[in-house]
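What follows is one structure encoded as structure tokens, with my remarks underneath.
Keep in mind the model is a prediction, meaning the values are calculated, not measured. Order of the sequence lines sets the chain letters (A, B, ...), proteins ahead of strands, with each chain counted from 1. The figures that follow rest on heavy atoms only: side chains count, while hydrogens, waters and symmetry mates do not.
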Amino acid sequence: MKYNFGDIEKKWQKYWKDKKTFKVEIDHSKAKFYVLDMFPYPSGSGLHVGHPEGYTATDIVSRYKKMKGLNVLHPMGWDSFGLPTENFAIKTGTHPHDITEKNIQIFKRQMQSLGFAYDWDREIATSHVDYYKWTQWIFTKLYNKGLAYEDEVYVNWCPELKIVLANEEVVNGKSELGGHPVIRKPMKQWMLKITEYAERLLTDLDELDWPENIKEMQRNWIGRSEGASVIFKIKGFDEVIEVFTTRPDTLFGATYMVLSPEHKLSAEIATKQYKQAVDNYIENASRKSDLERTDLSKEKTGVFTGTYAINPVNNQEIPIWVADYVLISYGTGAIMAVPGHDQRDWEFAKEYDLEIIEVLKGGDIEKEAFEGDGIHVNSGFINDLGKEDAIAKMTSWLEERKLGKREVNYKLRDWVFSRQRYWGEPFPVLKYEDGSVRCLDEDELPVTLPEVDKYEPSGTGESPLANIDSWLYLTDPKTGKKAKRETNTMPQWAGSCWYYLRFCDAANDKEPWSKAAEKYWMPVDLYIGGVEHAVLHLLYARFWHKVLYDLDFVTTKEPFKKLINQGLILGEDGEKMSKSRGNVINPDRVVEAYGADSLRLYEMFMGPLDKVKPWSENGVKGVFSFLNRVYKFFASLKNIHDDEEDIEILKILHQSIKKVEQDIENLRFNTAISQMMVFTNTCMKKGRVNKSTAQTFIKILSPFAPHLCEELWELYGHKESISKELYPEYNKKYLIEDTFEYPVSFNGKLRFRVELPLDMENAEIEKTVLEHKSAEKWLAGKQVKKVIIIKNKIINVVIA
RNA sequence: GCCCGGGUGGCGGAACUGGUAGACGCGCUGGACUUAAAAUCCAGUGGCCAUUUAUGGCUGUGCGGGUUCAAGUCCCGCUCCGGGUACCA
């Protein structure tokens, strides 16, 4: 009676595959449940033990919900466009497509070896043309809605590699690949107007069942702030400078202005005397990355332009400076500086000896800026007001005179949506000789990626596509005009922005998804994935979803109802797993040594799903030994009888049904497993259980250890998969006790226990306890002040 | 700096809306089986102190206060660790 997990697991994996056990279709007679994993990027190194953590959790929920009678959608696919593959292609001269397909096969084999209940008929890959056709289709929708535009923006340009890098490819101001310096450079890029959705992306967070910290991260990222815009005239120029401030009440304290080096007026308004210095400063700033500029935050630098602005509130002339502590990407790229009440301005003013005026009482502006609340002084018509009132009054004052207005600003910036790379979705866009642009129509899609000889970016910073003349140039069949294709491709986020919708209707070749499928399956009821996607992926996907909602392609405002982030699994040494540390655990090896069911069970038993936890080989052995015991006990038919079940077993069985059910609902898999261990221990002590008990237990264990349970189920004579069974219901009558062993404490200290009927009157309980012979010792010479009786919990005697 | 998490045995972790701290697992100790080891099974296991024993007591959830009959759990003040973020005007 050996637990031969290797054979058992292979057998059932083949069974599920052949019978398509987990294939799912729309079924209006049943309620649906959509459980989704963040689909992986199929890297060359295969699955690591972090992947199966989230996948096992969703798999358990999916199998459980199915047994609860729900129609469960549980799909898997591949986020298969991406830079690592392309870099590998450059290095080896292999086609990225071939690398991708190979990696997908590895990932898929590994996943199937873990017995996940995916409907593999819905498998998708973002790099397949039947998928990215629809990514392009969504782009055309964004474009036609006016949410996609081309603009000259600052990007991370690496002169050494001659490529533009995504922000995440820049580490400490250097390229992740090779460590070459990166500068900020303006380049024409496709942009998506995510900022237009900032307010909704923010407010709709409230209704989501997401971890609070993720919501908070998104809120911070969106960074809403209320304030006012103020217009300053420039002495000797027709132009004006508009600034955004959250503290219009401090306008009387504005003693200078600062433009960011990239501000269009910076060079323009410099007087002859200062022109050279300003130009030098701007030139210098352009060489720095954002990171360098912010890193050197200790020492603020800047130059005077020689020009003055007029403070609208008192007509004072105030000097205009250019300094890189003001960022072009936030607000208007210009500020009014109030050194008395803004620490950054204060530091700058001290450095360059600029005037500091106190306009709010409460601090000591000699020592530092005072950013708190207080009574206004030196502030004309808002003197004596507090902060809030002063802001309101000043804002109205500005609005009446058309010198400014109430305004809300967001930290969120429009999304740089193009990459100068080969391995991504081509833009469905044509450019004509006259500079005009046409976004293709649906019947012209897809724009497929052409074959290329070399995957290196062209030296000009364009993608390799710029070198394929046969693809690049064409006569537009719709207009007859000569045209050139867009050579940029979309970033990796594009494909992952809508894959959850494609899963609803993955084989549809007429449309990205049918309305009926979307209406039935959406929204995603449970979404599990890594916290590293807290902001970008989840924000981008929400943004696209809202656009699709506005265009009536989807029926829910938000795509992901409930979100959980699985916690990182550390190496045995408590450090992050990495090749260089040599502490990486390969799931294949674990499966080989202990089986997939043990790996699944261990990953869930380690601790709470969302916490960081270290790996432990002995821990795996522990759950492996549990599964061995389960197999040995329940597969030994001599232990299984047909008599009436023992009441003690029935009690713990029904407790277990209830506990495991509740724990799965709350994603507390570790305690569910512990309960099943307790149950098994009890059965083994008892030595025998009846068949009904055994079958019930196998059912509740089956979402966790599906292979083992299918095997036992078959052993008990069943022909159908256990996954088709209904989840057992617990019977309350076995959970109700009629006595309780009360802990009796005196002044909060536990002294002894006494078993009493639960229906006993309080007065009687009190009498019994006080007369109990163990109580004598504690009552001697003391006076009983009160007896507190909490039914089913505790008795506390208060004595003095 | 700011914003989130989190400090419970030798270790991973349990403890529902305040009500028996340490479930379950690992490790360790002792025992059984074995020529022996591994595997398996049985028993014990927070610390300290008493006792001849089956026992009894003290103490204990990062630190210091507080609320309460009762605090790992609530409140106030610290401290340490982890994650995110960074001149956002």
>> On the nucleotide B:A14, are OP1 or OP2 found under 4.0 Å from the side-chain N or O atoms that A:N670 carries?
In response: yes

> A:K2 has an atom NZ; how far is it from atom P of B:U40, in whole Å?
Replying inline: 11 Å

> Salt-bridged, A:R247 to A:E371, with N to O below 4.0 Å?
Replying inline: no

>> Please determine whether the number of non-hydrogen atoms from other residues, nucleotides or ligands lying under 6.0 Å from atom CD of A:E755 exceeds 12.
In response: yes

> Just by protein heavy atoms under 4.0 Å, how would nucleotides 41-62 of chain B read 5' to 3' in B, S and -?
Replying inline: S--------------SSSS---

> Between A:I794 (CD1) and B:A21 (C1'), how many Å, whole number?
Replying inline: 12 Å

> Where does B:G25 land, syn or anti, once you apply the within-90°-of-0 test for syn?
Replying inline: anti

>> Assuming nearest nucleotide by heavy-atom distance, tell me which of A:D342 and A:I788 is located more 5' along RNA chain B.
In response: A:I788

> Rounding to a whole Å, what distance do you find between A:M606:CE and B:G13:P?
Replying inline: 8 Å

> Relative to the 5' end of RNA chain B, which residue comes earlier, A:V531 or A:R247, by the nucleotide with the nearest heavy atom?
Replying inline: A:V531

>> Only Watson-Crick and G-U wobble pairs, only distances under 3.5 Å, only runs of 3 or more: what stems does that leave for RNA chain B?
In response: B:1-7 with B:79-85, B:10-12 with B:24-26, B:27-32 with B:40-45, B:46-50 with B:55-59, B:62-66 with B:74-78

> Taking atom C1' of B:C26 as reference, at what distance in whole Å does atom CD of A:E572 sit?
Replying inline: 11 Å

> Once you round it to whole Å, what is the distance between P of B:C26 and CG of A:N681?
Replying inline: 10 Å

> Between A:Q218 (CD) and B:G83 (P), how many Å, whole number?
Replying inline: 21 Å

> Using atom P of each nucleotide, how far apart are B:C76 and B:U67 to the nearest Å?
Replying inline: 15 Å

> Rounded to the Å, how far apart are A:Y330 OH and B:C87 P?
Replying inline: 12 Å

> Given the P atoms of B:U52 and B:U59, what is the spacing between them in whole Å?
Replying inline: 23 Å

> Nearest-Å distance, CZ (A:R219) to P (B:C2)?
Replying inline: 20 Å

>> Taking B:G31 as the reference, what is the distance to B:U68 when you measure between their C1' atoms (whole Å, please)?
In response: 48 Å

> Within the structure, does a side-chain N or O atom of A:N747 lie under 4.0 Å from either OP1 or OP2 of B:C69?
Replying inline: no

